[in-house]
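Okay, so here's the structure we're looking at.
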Amino acid sequence: MPSAVEHPWDLSPTEAVKMQRELRDRIVLQPLEMPVRRIAGADISFNMYSDVFFAAIVVLDYTTLEVIESAYFTETVSFPYVPGLLSFREIPTLLKAWQQLKEKPDVTMVDGHGIAHPRRMGIATHFGLATGSPTLGCAKKILSGHFTPPAQEAGSTSPILDKEEVIGYALRSKARTNPLFISPGHLLDLEGALAIARHCLGKYKLPEPTRLAHQMVNAYRREHGAND
DNA sequence: GCGACAG
DNA sequence: ATCTTGTCGC
């Protein structure tokens, strides 16, 4: 098992940017070695204007895309939302849910970007480094880089470019919907991330891991901290 | 200097 | 991110 990177999380935004520059050198982008048996979806939910977070990690069978197990955790967070520093706000809670899983997944799809980030340190990449496991990012909006809209047909893609470098793909998961933005996080490469995202598409716009994690974390929030 | 800006 | 049913359009 690859080494998980350990570091303090109680940082100021300025210190967080410095930390990202240090962590960047530890990113490993390579083809997945082993075939995927289980894939997880990771997501955070909270009530508007509240700092009480709810995290969920949902593990699915890669072949059937059916839920095998899920873990949850809730706590109050203090790091502010700053575009580019999302991982410092959401990962601590996600890690506490992750620790409760009986069996870790082979790869995890995180809500947000992987290397399609100004410093290549999106939440999916950071989560991969923190757990020492393969990850990819699936975001609904672009954060950095440029792309030309994919063709209208479902399954079409176009590269997300930062200068000359390809940092991810815009994927039209369904016809007549805005594209999703897929990028590798850690211990995975560009093509592998795209192949996995496509494999996980079902009847909806969002890939099953992300869609189910979002649905289940919202159910968890509503039956627990109903209010704040 | 100005606009953009994941969740 | 979150509040929310039906409704208009491709």
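Proteins get letters first, then strands, A, B, ... in listed order; numbering begins at 1 in each. The structure presented is a predicted model; accordingly, all values stated were derived computationally and were not measured. Values below: every heavy atom of this structure, side chains too, minus hydrogens, waters and symmetry copies.
C:dC3 atom P lies 7 Å from atom CG of A:Asn218, rounded to whole Å. If you take CZ of A:Phe147 and P of B:dA4, they are 15 Å apart, rounded to a whole angstrom. A straight line from CG of A:Asp51 to P of C:dA1 spans 18 Å, rounded to a whole angstrom. Straight-line distance from the NE2 atom of A:His214 to the C1' atom of C:dA1: 8 Å, rounded to whole Å. Taking atom CZ of residue A:Phe88 and atom P of nucleotide B:dA6, one finds them 17 Å apart after rounding to whole Å. Rounded to whole angstrom, the span from the CZ atom of A:Phe53 across to the C1' atom of C:dT2 amounts to 12 Å. Rounded to an integer number of Å, the gap from A:Arg211 CZ to C:dA1 C1' is 19 Å. Whole-Å rounding puts the A:Ile44 CD1 to B:dG7 C1' distance at 9 Å.
Considering only the side chain of A:Leu143, B:dA6 comes nearest among C:dT2, B:dG7, B:dA6. Out of C:dC3, B:dG7, B:dA6, the shortest distance to the side chain of A:His113 is found at B:dA6.
Residue A:Ile142 is classed as a sugar-phosphate contact, given heavy-atom separations below 4.0 Å to backbone atoms only. Within the nucleic acid shown, A:Ser144 has no heavy atom closer than 4.0 Å to any nucleic acid atom. Nucleic acid contact class of A:Leu85 (heavy atoms, under 4.0 Å, all strands): base.
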Taking it one step at a time, do A:Phe127 and A:Trp98 satisfy ring-ring contact (aromatic ring centres under 6.0 Å, His included)?
CA-CA 10 Å; A:Phe127 189 76; A:Trp98 172 266; 5.5 Å; yes

Show your working on side chain to side chain donor-acceptor pair (under 3.5 Å) between A:His126 and A:His7 and close with a plain yes or no.
CA-CA 11 Å; A:His126 204 158; A:His7 70 71; 2.9 Å; yes

Can you check side chain to side chain donor-acceptor pair (under 3.5 Å) on A:Tyr72 and A:Ser70, steps first, answer last?
CA-CA 7 Å; A:Tyr72 307 86; A:Ser70 52; 3.2 Å; yes

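Under 4.0 Å is where a charged nitrogen must lie from a carboxylate oxygen, and between A:Arg172 and A:Glu153 no such pair does. Salt-bridge formation is detected for the pair A:Glu165/A:Arg120: a Lys NZ or Arg NE/NH1/NH2 atom is positioned less than 4.0 Å from an Asp or Glu carboxylate oxygen.
Under 4.0 angstrom from either OP1 or OP2 of C:dT2 there lies no side-chain N or O belonging to A:Tyr49. One finds no side-chain N or O of A:Arg120 lying less than 4.0 angstrom from the OP1 or OP2 phosphate oxygen of B:dA6. Contact annotation: A:Ser50 does not reach the phosphate of C:dT2 (side-chain N/O to OP1 or OP2, under 4.0 Å). At the phosphate of B:dA6, neither OP1 nor OP2 sits under 4.0 Å from any side-chain N or O atom of A:Arg119.
Within residues 152-191 of chain A, no residue places a heavy atom under 4.0 Å from DNA chain B. Contacts between residues 133-141 of chain A and DNA chain B, defined by a heavy-atom separation below 4.0 Å, involve A:Ala139, A:Lys140, A:Lys141, listed by number.
Residues A:Gly114 and A:Thr125 share a closest heavy-atom pair of C-OG1, 3.0 Å. A:Pro207 and A:Leu180 make their closest contact through CD-CD1, 3.7 Å (heavy atoms, listed as atom of the first residue, atom of the second, distance).
When each of A:Tyr81, A:Phe54, A:Phe53 is checked for a ring pair (Phe, Tyr, Trp, His ring centres under 6.0 Å) with A:Phe46, only A:Phe53 meets the rule.
With A:Phe79 as the aromatic partner, A:Arg89 does not meet the cation-pi criteria of under 6.0 angstrom to the ring centre and within 45 degrees of the ring axis.
You'll find the side chain of A:Leu94 reaches within 4.5 Å of the side chain of A:Ile44, heavy atoms only.
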